[in-house]
Amino acid sequence: MPGRPPEVDHVKKTFLKSVESARKLFLAVQSVSGINPNSACPRLHTEQARRVVELAFLGLVSNWEEFLEQSFVRYMAGAKAKNGYAPKLRLGKASDIAHAYHVVSGDSKFDPTKNYSKFGAPKWVIDSARIYFDSGSPYAPRMQAYIEPLESAVKIRNRVAHNSEKCREDFKKVARTHLGLQPNAKLTQGYSAGDLLMQAPVAIFNQKIKAKFDSYFETYCGLFTYLANQIVPKR
């Protein structure tokens with residue numbers, strides 16, 4: 001007798017809590033940072049503030065990737081949102097979540113507790129969604145519309161986590177684009193991911209989204225929240 005299909009709403013709920021936690025941490029750091037001339041509290045050194053912001057963003061992007069992974073395999077295994085939404089499966093339903101992992105990874109021995117998935121690559125998620133779900137929904141249409149900021153978020157996160165030449169160069173390109181600079185423009189010496197994340201939005205996002213937020217960190221929080229509510233619709 002088949003068991004109950006997996007649920008998916010709790011995955012979104014957990015993710016949205018993590019987004020709000022990251023946003024509050026960012027605002028708290030910003031309020032006591034030396035960057036903020038209006039701070040009445042003992043100030044956190046600007047370098048320390050930037051590092052905390054970077055680490056908060058690293059966690060934010062990692063949690064976004066975890067949300068994509070957990071919701072994706074659950075939909076493959078027949079999960080429905082509480083409002084009744086479920087994507088139309090093109091290749092049939094996986095027998096359970098473990099089977100969904102085997103299918104999407106192409107590895108019958110794949111173990112999410114031991115192996116890394118590819119959900120950190122937005123284009124891979126979009127392409128995979130188009131294989132398993134009709135029209136790639138709910139992932140492909142929503143994520144494709146924001147592919148540039150989604151890929152930029154990964155590169156910013158990678159710069160926080162790694163100091164390789166490639167990560168540094170990728171970040172410089174992302175920073176120039178976010179700041180509305182020419183491709184060959186020079187950045188301030190030592191310009192960091194934390195500097196960029198605390199910057200008011202200039203480019204990348206459309207005007208409607210930029211108008212809502214005072215920093216790129218908060219803008220990314222808003223983007224991830226919006227997409228999560230599209231992927232797992234509200235009641």
Side-chain angles (χ1 to χ4, degrees), residues 14-68 119-122 146-181 185-229:
T14 297
F15 172 64
L16 293 183
K17 283 184 177 179
S18 73
V19 174
E20 183 60 14
S21 177
R23 189 185 71 84
K24 287 181 178 179
L25 175 58
F26 170 80
L27 293 175
V29 169
Q30 190 180 50
S31 70
V32 297
S33 169
I35 298 170
N36 180 3
N38 299 317
S39 176
C41 305
R43 294 182 182 177
L44 189 65
H45 191 282
T46 53
E47 187 174 324
Q48 295 173 319
R50 291 184 188 110
R51 188 56 180 162
V52 173
V53 168
E54 289 173 349
L55 293 174
F57 190 75
L58 188 153
L60 175 67
V61 177
S62 295
N63 287 328
W64 162 247
E65 293 168 2
E66 177 73 7
F67 164 76
L68 290 176
F119 285 89
Y146 294 95
I147 189 64
E148 186 173 9
L150 288 173
E151 291 190 327
S152 294
V154 174
K155 292 174 182 177
I156 296 169
R157 185 276 306 277
N158 288 348
R159 179 64 188 94
V160 176
H162 306 287
N163 196 37
S164 69
E165 184 67 23
K166 182 180 186 332
C167 288
R168 291 199 299 270
E169 289 304 311
D170 283 348
F171 171 71
K172 288 177 183 178
K173 292 177 183 177
V174 166
R176 291 187 188 104
T177 303
H178 279 64
L179 298 172
L181 301 176
K186 287 188 176 181
L187 298 172
T188 304
Q189 186 174 3
Y191 192 80
S192 69
D195 289 313
L196 179 61
L197 292 167
M198 298 179 90
Q199 164 80 40
V202 175
I204 294 291
F205 296 90
N206 63 46
Q207 193 61 42
K208 183 177 180 180
I209 292 178
K210 287 189 296 183
K212 292 182 179 180
F213 305 103
D214 296 323
S215 67
Y216 272 119
F217 190 101
E218 294 169 279
T219 306
Y220 275 108
C221 286
L223 174 62
F224 291 145
T225 297
Y226 167 76
L227 289 175
N229 281 321

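Source: prediction; values computed, not measured.
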* Taking only residues at least two apart or on different chains, which pairs with a member in residues 18-27 satisfy salt bridge (charged side-chain N to carboxylate O under 4.0 Å, His left out)? -> Glu20-Arg23
* Starting from the C-alpha separation in whole Å, work towards a yes-or-no answer on side-chain contact (heavy atoms from CB on, under 4.5 Å) for Leu187 and Leu181. => CA-CA 9 Å; Leu187 298 172; Leu181 301 176; 3.9 Å; yes
[atom1]-[atom2] distance between [X] and [Y], expressed to the nearest 0.5 angstrom:
X: Thr219; Y: Gln199; atom1: OG1; atom2: CD; value: 10.5 Å
X: His178; Y: Phe171; atom1: NE2; atom2: CZ; value: 9.0 Å
X: Cys221; Y: Phe57; atom1: SG; atom2: CZ; value: 8.0 Å

Looking only at heavy atoms, which two atoms of [X] and [Y] are closest? And how far apart?
X: Ala203; Y: Tyr216; answer: N-OH, 2.9 Å
X: Leu196; Y: Tyr191; answer: CA-OH, 3.3 Å
X: Ala22; Y: Ala56; answer: CB-O, 4.4 Å
X: Pro149; Y: Ile204; answer: CB-CG2, 3.7 Å
X: Phe15; Y: Leu60; answer: CE1-O, 4.3 Å
X: Ser62; Y: Arg157; answer: OG-NH1, 3.7 Å

* To do: For the pair Glu169 and Lys166, find out whether any cationic side-chain nitrogen is under 4.0 Å from an anionic carboxylate oxygen.
  => no
* Charged N to carboxylate O under 4.0 angstrom, Arg50 versus Glu47? -> no
* Asked: After noting the C-alpha distance and the side-chain angles of Glu66 and Thr14, does the key distance pass the side-chain contact (heavy atoms from CB on, under 4.5 Å) rule?
  -> CA-CA 10 Å; Glu66 177 73 7; Thr14 297; over 6 Å; no
* Show your reasoning for whether side-chain contact (heavy atoms from CB on, under 4.5 Å) applies to Glu54 and Ile156. => CA-CA 9 Å; Glu54 289 173 349; Ile156 296 169; over 6 Å; no
* To do: Determine, stepwise, if the pair Tyr146 / Tyr220 fulfils ring-ring contact (aromatic ring centres under 6.0 Å, His included).
  => CA-CA 11 Å; Tyr146 294 95; Tyr220 275 108; over 10 Å; no
* With sequence neighbours excluded, what pairs up with Gln189 under the side-chain hydrogen bond (donor to acceptor under 3.5 Å, both in side chains) test? -> none
* Among all residues two or more places apart in sequence or in another chain, which pass the side-chain hydrogen bond (donor to acceptor under 3.5 Å, both in side chains) test with Ser215? -> Glu218
* **Pairwise side-chain contact, Gln48 with Val52, heavy-atom cut-off 4.5 Å (strictly under)** => no
* Within-4.5 Å side-chain heavy-atom neighbours: Asn63 and Phe224 -> no
* To do: Give the intermediate values and the outcome of side-chain contact (heavy atoms from CB on, under 4.5 Å) for residues Thr177 and Glu148.
  => CA-CA 10 Å; Thr177 303; Glu148 186 173 9; 3.4 Å; yes
